[in-house]
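Sequence lines set the chain letters: A, B, ... in the order given, protein chains first and strands last, and positions in each chain run from 1.
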Number of protein chains: 2
Amino acid sequence: MPRERKTVVSDVAIGDRVIPVAAAMFRRLGYARTSTRELATRLGIQSGSLYHYINGKDDLLYQICSSALTHIEEAVRKATAAAPVERKLEVVIKRHLISALTDSDSHATMLVELKALSAERKAAVIRQRDQYEELIRTIIEESQAAGVVRADIEAKYLTLGLLNLLNWSIFWFDPDGPLTEDELARVLAAVFLDGARGGGARASG
Amino acid sequence: MPRERKTVVSDVAIGDRVIPVAAAMFRRLGYARTSTRELATRLGIQSGSLYHYINGKDDLLYQICSSALTHIEEAVRKATAAAPVERKLEVVIKRHLISALTDSDSHATMLVELKALSAERKAAVIRQRDQYEELIRTIIEESQAAGVVRADIEAKYLTLGLLNLLNWSIFWFDPDGPLTEDELARVLAAVFLDGARGGGARASG
DNA sequence: GTCTATACTTCGATAGAC
DNA sequence: GTCTATCGAAGTATAGAC
């Protein structure tokens, strides 16, 4: 047993808890209404001590937004690289959902609290977001070129529609509800790929 | 010319400008970061005078959220009542978009700043939101029963998927962009009803 | 209906001891 | 690395004159 091992309840160093605890608070209360005093209290330290771990409140928000986008882009990029073109979009949907739901506090914060960032940092996060959007759009364009996705709607709008569908699911998906993550991915893939009138069985035969 | 007619630039009474100006600020800055001082300034009055028009800042937020939901529900309910069942969903999509885009500051605020409301008022707005959701779900269930919408996905999830698609479009739709509102409605209807592989022409035949 | 003035609260961040 | 103490700024709302 290493000598420095802390014997606190959670057994996780305070420095490693700052980001997840802050993301959970930002999601629940919003960035502006989350006070550094309350954040410190939840970490079990005084508000003054918090500044040993962070440079400032806005730094915290930037790290949360930026890392959420870095992680999801890497996950989707890796997973789709090896997939055949007919299956790439299914893989996008599944990996995007896994990443967004695993990191749901950070993703919710990134989606909703971006406006609270300073101008330069907001621009940096928007660049990352645009880059991820471009990854998805490229996959859709490839799918169109291969004839597996309709070409009568511009890839741009198919991309935005897909991201609407995926991103905002984290606000109503309940991990303890009747649907598993995989089932949610199957449902959203069915809706996006085949549509509400497509694919499945009808009630009246 | 009525004697009380004001000769201000906008020719609109301050009392009628409070809600729209506040909604625009809440959308841009967030509720918490919007100060009543700045709101008063934009209305051309002092901060103390603002309280002649409002009871409190939270009252303003509640009115914005509540009226956004009241208007959209009434618009969609009226428009769908007369439509034949095969066309009801197209009407939902079009009317929802028209209402949300016409009132986009209020809708964006309702979607994103709900958490800033007091517990009781938040619950009241959530009740309204659930009621609107139920209207949409009922229409989807009727469509399923009529055999015009797939029955292998629960109406609940088709509803949530549709609302994802519609609601969050207001955050990227640009009224001055290449797409008109009607064209956006057509695109989203095509995606939701027929899916990304459905309906249209393919690139390679 | 609009003003000025201000009471009261809360916040982010820092200083400096230990 | 954590504490106590506090500075300076900003916020919501109210009081009371006009």
_Side-chain touch His107(B)/Ser99(B), heavy atoms, less than 4.5 angstrom_ = yes
Rounding to a whole Å, what distance do you find between [X]:[atom1] and [N]:[atom2]?
X: Tyr53(B); N: dA13(D); atom1: OH; atom2: C1'; value: 17 Å
X: Leu43(B); N: dC3(C); atom1: CG; atom2: P; value: 11 Å
X: His52(A); N: dG12(C); atom1: NE2; atom2: C1'; value: 19 Å
X: Glu38(B); N: dA10(D); atom1: CD; atom2: P; value: 13 Å
X: Gln46(A); N: dA5(D); atom1: CD; atom2: P; value: 10 Å
X: Leu50(B); N: dT14(D); atom1: CG; atom2: P; value: 12 Å
X: Leu61(A); N: dC11(C); atom1: CG; atom2: P; value: 17 Å
X: Ile45(B); N: dT2(C); atom1: CD1; atom2: P; value: 6 Å

*Please confirm whether the backbone N or O of Leu160(B) pairs with a side-chain atom of Glu133(B), one donor and one acceptor, at under 3.5 Å?*
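Absent.
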*Look at Arg28(A) together with Asp105(A) and state whether they make a salt bridge at an N to O cut-off of under 4.0 Å.*
no
*Should the pair Lys115(B)-Glu113(A) be classified as a salt bridge under the 4.0 Å nitrogen-to-oxygen rule?*
yes
*What pairs with Ser66(B) under side-chain contact (heavy atoms from CB on, under 4.5 Å), at least two apart in sequence or on another chain?*
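If we apply the side-chain contact (heavy atoms from CB on, under 4.5 Å) test to Ser66(B), skipping adjacent residues, the hits are Tyr62(B), Thr70(B), Gln128(B).
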*Assign a letter to each nucleotide of nucleotides 13-18 of chain C from its 5' end: B, base within under 4.0 Å of a protein heavy atom; S, sugar-phosphate only; -, no contact.*
BB----
*Pair Glu90(B)-Arg87(B), salt bridge (Lys or Arg N to Asp or Glu O under 4.0 Å): steps then yes or no*: CA-CA 5 Å; Glu90(B) 287 168 66; Arg87(B) 304 219 46 244; 3.2 Å; yes
